[in-house]
Structures are given as structure tokens and as C-alpha cells.
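Okay, so here's the structure we're looking at.
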Amino acid sequence: MLQASSRPRKEVIKLLKFLGIKQIYDVKLNHIYSDELLRRMVKHISTLDFEKYDECGLFRAFNNAVKNGIVEMIVEMVKVCPNLMHTFDKNGRVFLMSSVAHRQEKIFSLFYGLEGRNGNFLSVTDVFDNTMLHCAGELSPSTQLARISGAALQMQRELQWYREVESIVNPRAKTYCNQNGETPGQLFTKSHEKLMAAGEKWMKQVATSSTVVGALIITVMFTAAFTVPGGNKDTGFPVFLHEKSFLIFIISDAISLFASSTSVLMFLGILTSRYSENDFLISFPRKLVIGLSTLFISVAAMMVAFCAALRIVMDGRLEVVIPVSLLAGIPVTLFILLQFPLLVEIFMSTYGPGIFNRKMKRWY
């Protein structure tokens, strides 16, 4: 009986796993357990004296939470022990400097939720005499860079971090030198030489391959505009001038030609650029967004022109036109699957809300 009753239960569990419901349930359950553990830990911390914090490993736990970006833990621990915000890790960095060094944007955004935005955090230096801006000038940990696809976008993210920190620190921090006599700007350039070279190589590869595709489309569409399906009359006008399919063919041909020309110009602009650091912040991503978008439009319009021409040539035989038109959608679909995720990532990284929450509500 027990074995018989357990079999339906196993089948239900398998079904829930297949639908993804079991995974969601496990995540929610782990979150509930974590919240309860954090609540009890904070309650215990509130009963301790400051002298006992080090004995129970509180400082180490706090620094690890900053390093791993556990926002809830940081907030609750600071509420019961505000002095944690002014403690140092093994490199002599307060939690805000450490969040910059480890590229934890959610932890860094807590600064915008502090009452009065305490400026003491911004003037602290670590054991190497580095300011917070120096920390932003160092190369991100490899684990953080691995989350971003493409060396050019990684370089853009590094510049976004540097500009964000630069906007809140004292202007004198830009010229402050560390133990090695380096300003934050000099440290940034030195630390990102290899990443910048990789970003330049990645941009040129994308631009070169896309330029070839765009140039081929320009050639085909320009030729098709003057060799219209059905030919021309003795007067020089196309035979199917008054057909709706012919109008669709001409319009889609023109759209494809103009879009591919724009795309090629954008990618040529990338190839002929001087590749300075600031180009990776806005200029290159903008050209990539315009270039990839117009290239997608040109491919889609080219397929529409092909289908319209096919309908004219086949004299409306739908049993042939419809299957071939469906096959013509395959290149467009493949282009979307291969390039559209990259296009969305570039667009969101450049024109999206950003990784920093400047409108964070006051939490302490």
C-alpha cells in the first residue's frame, strides 16, 4: 500500500520539475529560510557588545556579504550595528570602497539611500593609498566581467563604473596619487590596456563581418531595382507597374537598399575610428545599435521583396508562393536568434536605466 501510494506522488514531483514549478518552490523556500536565519542572526547581534563583534566573526561576515553583493544582509546588519559602515577589510577599505573594488552595484547603490550621503566614505584611502576612484580604475574581477558578453561591452561597463564613482567623489580625487604615484585616470588606462585591445578586436570583427553582409545586400538590391520582374514595356515602364505586388516589391527593395547602406556606413565608422577609451562608452555602442538594427531591417525587407517578386513571376500561384515565402522567413528568424540578443544587450547597456539605483529610498 505504501509503495502504491508513493508512486503517484513521485509522478507529481516529476511533473512539477518538468514544468519548472518545483524549482520555483525550492527557490522561494530557500529565500524564506535565509530570511529567518538572517532575522535570528540580527537579533543575536543586537544583544552583543561591540568588543565581541570580532570574536563572533561579525566583521568577516560583513565583508564577505559586501564582496558577494548580499544587500539584505548588509542593510539589516548596519541597522543594528551602524559602526560596521566604518570598519575596514584586510585592504583597509570601508564597505563602499569594497563594493567598488568587487563591482557590486547593488551594494554601491546603498550610498544613495544614506541620509545626507555621508562624505566620510568618499575621502577614505586604503593601505595602498588608493581612493575610491582608484578602486574604480582597477580592472574588475574576472567573475564580474564574465557576466557581460563581448570585450567592448565589458570595457563600456568599466567606464560606466568609473564615471559613476567620479561623479560623487571630490574633484581633487582625480589628481590624487597612490603609493605608485598614479592618478585614478592613469591607473584606469594601465589596468585596462588588454581589455581595450580585446574590445577593439571584437568591434572590428563584428563590423567587418556585418559590412560584408551589408555590401552584398546593397549590390543585390541595387541590381534588382533596375531588373524588375516581368521586364519593361517598349515605353520603358515596367510591365506590372500597376500591380500591388510590384508596389510592394519596389518599396521593400528601396527600404532594404537604404537600410543596408546606412548599416555599412555605421560599421565603416567603427572600422575607421581612433579607438579611444571614451568611444567605448557611447559612440561605439550607438553605432552598433544603429548598424545591427538597419542590417536586420534590410534583411527582412529583402525577403519581402523576394516574396513579392515571386508572386509576380508565378502569376499568383499560391500553392508555390506560400511555401517558398515561409522558407524565406528562415533567414530572418536565424538573424533574430543570432544577433537580436546582442542588440538588446547593447541597447539596454547604453540607453537602459543603468545598473545603479540613484533613486534609492532612504534606508538608514
Side-chain angles (χ1 to χ4, degrees), residues 38 41-42 44-144 158 161-162 164-188 190-191 356-357 360 362-364:
L38 178 61
M41 184 184 72
V42 170
H44 177 69
I45 292 172
S46 63
T47 62
L48 299 176
D49 297 329
F50 185 78
E51 292 76 13
K52 295 183 179 180
Y53 286 166
D54 192 34
E55 297 179 9
C56 66
L58 182 61
F59 297 136
R60 184 172 66 254
F62 182 79
N63 291 327
N64 286 333
V66 173
K67 181 179 179 180
N68 294 286
I70 309 176
V71 180
E72 297 85 356
M73 188 173 179
I74 299 298
V75 172
E76 295 301 324
M77 292 176 72
V78 168
K79 286 181 179 179
V80 297
C81 182
N83 291 327
L84 287 173
M85 288 193 296
H86 303 281
T87 57
F88 302 96
D89 61 8
K90 62 181 181 179
N91 293 318
R93 297 168 177 168
V94 293
F95 89 103
L96 201 61
M97 287 185 67
S98 183
S99 68
V100 175
H102 293 101
R103 299 299 192 268
Q104 296 295 344
E105 59 273 4
K106 292 182 179 179
I107 303 296
F108 179 81
S109 296
L110 292 176
F111 170 77
Y112 295 108
L114 290 174
E115 184 180 11
R117 297 183 183 178
N118 196 330
N120 294 332
F121 296 117
L122 308 179
S123 58
V124 177
T125 57
D126 61 12
V127 295
F128 306 105
D129 213 19
N130 288 321
T131 63
M132 188 185 300
L133 195 56
H134 281 95
C135 293
E138 295 175 347
L139 187 65
S140 291
S142 57
T143 54
Q144 296 297 326
E158 291 291 272
W161 264 101
Y162 189 84
E164 187 71 18
V165 176
E166 187 180 41
S167 66
I168 65 173
V169 298
N170 192 302
R172 289 178 295 180
K174 300 177 185 178
T175 57
Y176 185 87
C177 296
N178 58 12
Q179 288 182 356
N180 297 324
E182 297 173 325
T183 63
Q186 292 171 341
L187 179 60
F188 184 91
K190 178 182 176 182
S191 302
F356 305 104
N357 184 9
M360 178 172 285
R362 179 192 166 193
W363 60 275
Y364 180 79

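Counting from 1, the numbers follow the sequence of the chain as shown.
Qualifying side chain to side chain contact (heavy atoms under 4.5 Å, CB included) partners for Phe128, counting only residues two or more places apart in sequence or in other chains: Asn91, Asp126, Asn130, Gln179. Glu76 meets the salt bridge (Lys or Arg N to Asp or Glu O under 4.0 Å) test with no other residue; sequence neighbours excluded. Every residue meeting the side chain to side chain contact (heavy atoms under 4.5 Å, CB included) condition with Ser98, not counting sequence neighbours, appears here in chain and number order: Val66, Asp89, His102. Here Phe62 pairs with nothing under the ring pair (Phe, Tyr, Trp, His ring centres under 6.0 Å) rule; sequence neighbours left out. Residues that satisfy the ring pair (Phe, Tyr, Trp, His ring centres under 6.0 Å) test with Phe356, not counting sequence neighbours, are Phe108, Trp161. By the side-chain hydrogen bond (donor to acceptor under 3.5 Å, both in side chains) test, Glu182 is found to be paired with Lys190, residues two or more places apart in sequence or in another chain being considered. Under the side-chain hydrogen bond (donor to acceptor under 3.5 Å, both in side chains) criterion, Thr131 pairs with His134, sequence neighbours left out. With sequence neighbours excluded, no residue forms a side-chain hydrogen bond (donor to acceptor under 3.5 Å, both in side chains) with Ser191. Tyr162 pairs by the side-chain hydrogen bond (donor to acceptor under 3.5 Å, both in side chains) definition with nothing, not counting sequence neighbours. By the side chain to side chain contact (heavy atoms under 4.5 Å, CB included) test, Asn68 pairs with Asn64, Ile70, sequence neighbours left out. Not counting sequence neighbours, the partners of Lys106 by the side chain to side chain contact (heavy atoms under 4.5 Å, CB included) test are Val71.
In terms of heavy atoms, Ala65 sits closest to Ile74 at CB-CD1, 3.5 Å. Val94 approaches Phe88 most closely through the heavy-atom pair CG1-CE2, 3.7 Å. The shortest heavy-atom contact between Lys174 and Pro184 is O-CD, 3.4 Å. Smallest separation of non-hydrogen atoms from Ile107 and Ser99: CG2-CB, 3.6 Å. Annotation for Arg103 and Leu139: closest pair NH2-C, 4.3 Å, computed over non-hydrogen atoms.
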*side-chain contact (heavy atoms from CB on, under 4.5 Å) between Leu58 and Leu84, worked out*: CA-CA 9 Å; Leu58 182 61; Leu84 287 173; 4.3 Å; yes
*In sequence, state the C-alpha distance, the side-chain angles, and the governing distance for Leu133 and Tyr176, and then conclude on side-chain contact (heavy atoms from CB on, under 4.5 Å).*
CA-CA 9 Å; Leu133 195 56; Tyr176 185 87; over 6 Å; no
*Take Phe95 and Val78 through the side-chain contact (heavy atoms from CB on, under 4.5 Å) test and state the conclusion after the steps.*
CA-CA 11 Å; Phe95 89 103; Val78 168; over 6 Å; no
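Rounding to the nearest 0.5 Å gives a distance of 7.0 Å between CE of Met132 and CZ of Phe111. Separating the CE atom in Met77 from the CE atom in Met85 is a distance of 12.5 Å, to the nearest 0.5 Å.
Between the Gln144 side chain and the Pro141 main chain, no donor and acceptor come within less than 3.5 Å of each other.
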